[in-house]
Novice: 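Once you've had a glance at the structure underneath, I'll fire off some questions.
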Amino acid sequence: MWIRAKWSIVAAVLTAGIAYGAYPYVTLYRLGVAIQGSDSKTLESLVNWPAVREGIKEDVCDLVVDDPGPKNGSSLPPFGASFMRGIASNAIDQAVTPQALLAATGSVPPPARHRPMGRKAQDVEDTEQQASDVHVNWAFFDSPTTFMISLQARGQAEPIKLEMSLRGGAWQVQRVWLPEALLTNSGSPT
């Protein structure tokens with residue numbers, strides 16, 4: 001009887017450990033499916049958008065402070081620097097949303113497989129292929145409640161890094177580090 005109870009406890013602990021280890025990978029998979037399926041509601045739940053926007057604002061501000069522009073002796077006074085941060089902040093608040101992410105990926109929801117009038121089947125397939133042009137370089141636990149992911153987008157030299165945190169029993173993207181090329185590209189939708 002005692003041995004049977006011991007095996008039950010070991011099995012429960014092992015099952016819980018495997019579930020805990022697989023949970024962030026399942027969340028990452030759900031994130032990819034939500035992007036490919038244009039599911040903004042799921043994106044809202046899987047990403048802490050205010051925290052992600054704040055992190056990107058910090059990166060943009062660091063980029064502006066580290067590289068203030070031409071070295072001709074004319075740098076922005078403190079007021080000018082804060083004004084620039086305010087403008088960048090407003091632009092990031094408007095551009096870093098689930099809808100903007102979906103628009104940037106050009107994903108087509110699976111139920112909308114019909115092609116719009118005037119579009120060739122190849123155009124629809126090309127659009128779907130763009131959404132899958134990102135692959136995972138690596139993903140691992142940084143701590144028991146932090147999971148790091150490196151994503152490589154086609155045409156980008158540097159990876160996009162994500163940090164997911166375990167909060168309230170759910171994994172959620174808390175921080176995104178974009179490559180400098182994306183941060184400085186003013187024509188980029190995100």
Side-chain angles (χ1 to χ4, degrees), residues 6-60 92-93 95-113 124-183 185 188-190:
K6 192 187 291 187
W7 279 111
S8 296
I9 292 170
V10 168
V13 168
L14 187 59
T15 301
I18 290 171
Y20 172 77
Y23 190 22
Y25 292 100
V26 170
T27 301
L28 186 59
Y29 175 77
R30 287 182 58 215
L31 188 62
V33 169
I35 291 171
Q36 289 179 344
S38 296
D39 186 355
S40 63
K41 185 176 178 181
T42 301
L43 282 176
E44 286 281 346
S45 69
L46 295 177
V47 178
N48 182 344
W49 291 97
V52 168
R53 282 191 284 271
E54 284 304 313
I56 293 173
K57 289 175 192 177
E58 288 176 20
D59 292 344
V60 168
I92 290 167
D93 286 341
V96 182
T97 64
Q99 295 77 18
L101 174 63
L102 294 175
T105 61
S107 59
V108 175
R113 285 286 197 207
V124 173
E125 289 175 19
D126 289 344
T127 301
E128 291 173 354
Q129 179 63 31
Q130 289 173 355
S132 64
D133 284 344
V134 176
H135 68 274
V136 177
N137 285 339
W138 47 257
F140 62 87
F141 283 92
D142 194 39
S143 74
T145 60
T146 305
F147 192 77
M148 301 297 294
I149 303 113
S150 174
L151 303 173
Q152 188 66 50
R154 188 176 72 170
Q156 292 292 325
E158 296 177 56
I160 299 169
K161 293 181 184 164
L162 306 176
E163 177 185 289
M164 290 194 312
S165 295
L166 183 62
R167 296 191 181 190
W171 287 98
Q172 195 175 43
V173 176
Q174 296 292 324
R175 181 73 161 92
V176 175
W177 290 271
L178 297 173
E180 188 174 329
L182 288 178
L183 290 174
N185 183 2
S188 175
T190 56

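Residue numbers run from 1 in the order of the sequence given. When reading the values below, keep in mind they use all heavy atoms of this one structure, side chains included, and skip hydrogens, waters and symmetry mates.
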Novice: Grab the two heavy atoms, one from Leu178 and one from Leu183, that are nearest each other, plus how far apart they are.
Specialist: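 Taking Leu178 first and Leu183 second, the nearest heavy atoms are O-CD1, 3.9 Å.
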Novice: Taking the side chain as every heavy atom from C-beta outward, state whether Thr145 and Arg167 have any atom pair closer than 4.5 Å.
Specialist: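 Of all side-chain heavy-atom pairs linking Arg167 with Thr145, none is under 4.5 Å.
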Novice: Shortest non-hydrogen contact from Gln152 to Gln156?
Specialist: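 For Gln152 versus Gln156, the nearest heavy atoms are NE2-O, 2.5 Å.
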Novice: Are the side chains of Val47 and Pro98 in contact, using a 4.5 Å heavy-atom criterion?
Specialist: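 Contact flag for Pro98/Val47 side chains = no.
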Novice: Is any side-chain heavy atom of Phe140 less than 4.5 Å from a side-chain heavy atom of Asp142?
Specialist: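 They are in side-chain contact.
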Novice: Taking Trp49 for its side chain and Leu43 for its backbone only, find out whether a donor-acceptor pair lies under 3.5 Å.
Specialist: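 Pair found, side chain donor or acceptor close to backbone of Leu43.
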Novice: Please round to the nearest 0.5 Å and tell me the distance separating atom CG of Asp59 and atom CG of Leu182.
Specialist: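 If we round to the nearest 0.5 Å, Asp59:CG and Leu182:CG are 11.5 Å apart.
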Novice: Looking at every heavy atom in both Pro24 and Phe141, which two are closest together, and how far apart are they?
Specialist: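 Looking at all heavy atoms of both residues, the shortest contact is CG-CZ, 3.5 Å.
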Novice: A side-chain contact here means heavy atoms from C-beta on lying under 4.5 Å apart; do Val136 and Leu151 qualify?
Specialist: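 Heavy-atom side-chain distance check passes, below 4.5 Å.
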Novice: Out of Val173, Thr146, Ile149, Val176, which one pairs with Glu163 under the side chain to side chain contact (heavy atoms under 4.5 Å, CB included) rule?
Specialist: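 The option that passes is Thr146.
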Novice: Quick one: pull up CZ in Phe147 and OG1 in Thr27 and give me the separation to the nearest 0.5 Å.
Specialist: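 Phe147 CZ to Thr27 OG1: 9.0 Å, rounded to 0.5 Å.
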Novice: Could you report the tightest heavy-atom contact between Ile35 and Leu102, atom names first, then the distance?
Specialist: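 That would be O-CD2, 3.6 Å.
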Novice: Which pair of non-hydrogen atoms, one from Val96 and one from Arg53, has the smallest distance, and what is that distance?
Specialist: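 Minimum heavy-atom contact is O-NH1, 2.6 Å.
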Novice: In this structure, are over 12 heavy atoms from other groups packed under 6.0 Å from Lys161 atom NZ?
Specialist: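 No, because the 6.0 Å sphere around NZ of Lys161 holds 12 heavy atoms or fewer from other groups.
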Novice: Would you name the heavy atoms of Pro179 and Ile160 that are closest together and state the gap between them?
Specialist: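 Scanning both residues completely, I find the closest heavy atoms to be CD-CG1, 3.7 Å.
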Novice: Any ion pair linking Lys41 and Glu44 (charged N to carboxylate O, less than 4.0 Å)?
Specialist: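 Salt bridge: no.
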Novice: Working to the nearest 0.5 Å, report the span between CE of Met148 and CH2 of Trp177.
Specialist: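 The distance works out to 4.0 Å.
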Novice: Can a donor-acceptor pair be found, under 3.5 Å and without considering hydrogens, that links the side chain of Gln172 to the backbone of Ser45?
Specialist: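 A pair under 3.5 Å: yes.
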Novice: By the definition side chain to side chain contact (heavy atoms under 4.5 Å, CB included), identify the one residue from Glu54, Met164, Glu58 that meets it with Arg175.
Specialist: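 Only one option passes, and that is Glu58.
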